[in-house]
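Along the sequence shown, residues carry numbers from 1.
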Amino acid sequence: MFFKYIKNRMGNQLGTLKKEEVELLQNSSHFDSRELRTLYKQFRKDSPSGTINKQEFKEIMTQMGVGDQFLQDLLFNVFDKNKDSTINFQEFVCGLSSITRGTPEEKIEFAFSLYDIDGNGYITKSEMESILESMYKLVGTFVTCSGKKFDSHDLIEEFFDSMDDDGDGFISLEEYKRGTLKNPDIIQGLKLLNH
């Protein structure tokens, strides 16, 4: 959805990225040179300063139907890799690439970064609770791809039962990767993100 929104706003005009910059971005994303130039031209048109601040990002998210402030903040924080409170073009391309065209592992790492609210390298039950509360506002009752319904408490418990291998109440990136790849509903969800 995000890529379709950006693509619809952009048209097919070429931007002014230098050849070396295009090559660097091609190597760190799943976009070709034409797509990168188009993305760049629109990015610079919408953000002449060369960065998107949090308010601008939230406006884009709202236009796309993601109106929940908490989810907007989470997404902004994942895109803002250097934590300077803005999103530059490289951060934008890398985040967009992970969401729309990333490998299953890239999508898993992106999701982990989203869930790891405080950035300490672990997901806690309270972080999951905060996220699921916002997700519930966005989509309503949780129904897995296999049709199983959950309330948020049950979903958190099942999530930790299946992923917290050492039972310490924290899910590391490695535990999250292993648990995700064993869960058919999550694998199906990752495939859905490609459309």
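In this structure, the side chain of E91 engages the main chain of K81 through a donor-acceptor pair within 3.5 Å. Side-chain N or O atoms of E21 include one that pairs as donor or acceptor with a backbone N or O of K18 at under 3.5 Å. The main-chain N or O of S49 is never found under 3.5 Å from a side-chain atom of S47 such that the two would form a donor-acceptor pair. A donor-acceptor distance shorter than 3.5 angstrom exists from the side chain of E175 to the backbone of S172, with no hydrogens or angles considered. Formation of a donor-acceptor pair under 3.5 Å by the K83 side chain with backbone atoms of N77 is found in this model. Panel note: side chain E106, backbone S98; no donor-acceptor pair is recorded below 3.5 Å. The backbone N or O of S85 sits less than 3.5 Å from a side-chain atom of D80, completing a donor-acceptor pair. Proximity of a side-chain donor or acceptor of D32 to a complementary backbone N or O of L36 within less than 3.5 Å is not detected.
Note on L132: it clusters hydrophobically with I117, by side-chain heavy-atom contacts below 4.5 Å among ILVMFWY residues. Connection of F31 to V22 is established within a shared hydrophobic cluster, with ILVMFWY side chains joined at heavy-atom distances below 4.5 Å, either directly or through further cluster members. Cluster annotation: V78 is connected to I60 through the hydrophobic network of ILVMFWY side chains, with a link wherever side-chain heavy atoms come within less than 4.5 Å.
Ionic pairing of K125 and E157 is present here: one or more N-O contacts between side-chain nitrogen and carboxylate oxygen are shorter than 4.0 angstrom.
Atom CD in E127 sits 9.5 Å away from atom CG in L74 (nearest 0.5 Å). Atoms CG and CG, on N88 and N82 in that order, are 6.0 Å from each other to the nearest 0.5 Å.
With F43 as the partner, the side chain to side chain contact (heavy atoms under 4.5 Å, CB included) test is satisfied by one option alone out of T51, I52, T38, V93: I52.
Nearest heavy atoms, R101 versus H30: NH1-O, 3.2 Å. The heavy-atom pair separating I99 from K107 by the smallest distance is O-CE, 3.6 Å. Contact detail for C94 and S28: the closest heavy-atom pair is SG-O, 3.7 Å. Across all their heavy atoms, Y176 and I108 have their closest contact at CE2-O, 3.4 Å. Between R37 and L17 the shortest heavy-atom distance is NH1-O, 2.7 Å. When all heavy atoms are compared, the tightest approach of R178 to D165 is NH2-OD2, 2.8 Å.
Atom CD of Q90 sits in a sparse spot, with 12 or fewer heavy atoms from other residues, nucleotides or ligands closer than 6.0 Å. Within 6.0 Å of atom CZ in F70, more than 12 heavy atoms from other residues, nucleotides or ligands are found, so the atom counts as buried in its surroundings.
Remark: the T124 side chain and the S126 side chain contain an N/O donor-acceptor pair separated by less than 3.5 Å. With 3.5 Å as the limit, one finds a donor-acceptor pair spanning the side chains of Q42 and D46. With 3.5 Å as the limit, one finds a donor-acceptor pair spanning the side chains of Q72 and T62.
Contact check for T86 versus K54: no side-chain heavy atoms found under the 4.5 Å cut-off. In this structure, the side chains of K58 and F76 stay at 4.5 Å or more apart for every pair of heavy atoms. Two residues are said to be in side-chain contact when any heavy atoms from C-beta on lie closer than 4.5 Å; S33 and Q26 meet this criterion. For the pair D168 and D164, the minimum side-chain heavy-atom distance is below 4.5 Å. Looking at L173 and Y122, their side chains never come closer than 4.5 Å, going by heavy atoms from C-beta outward. Contact check for D116 versus D118: side-chain heavy atoms found under the 4.5 Å cut-off. Within the 4.5 Å cutoff, the side chain of L25 has heavy atoms near those of the F89 side chain. In this structure, the side chains of L114 and L75 come closer than 4.5 Å at one or more pairs of heavy atoms.
Between F110 and F79, the angle of the ring planes goes over 60°, which puts this pair in the perpendicular group of the 30/60° scheme.
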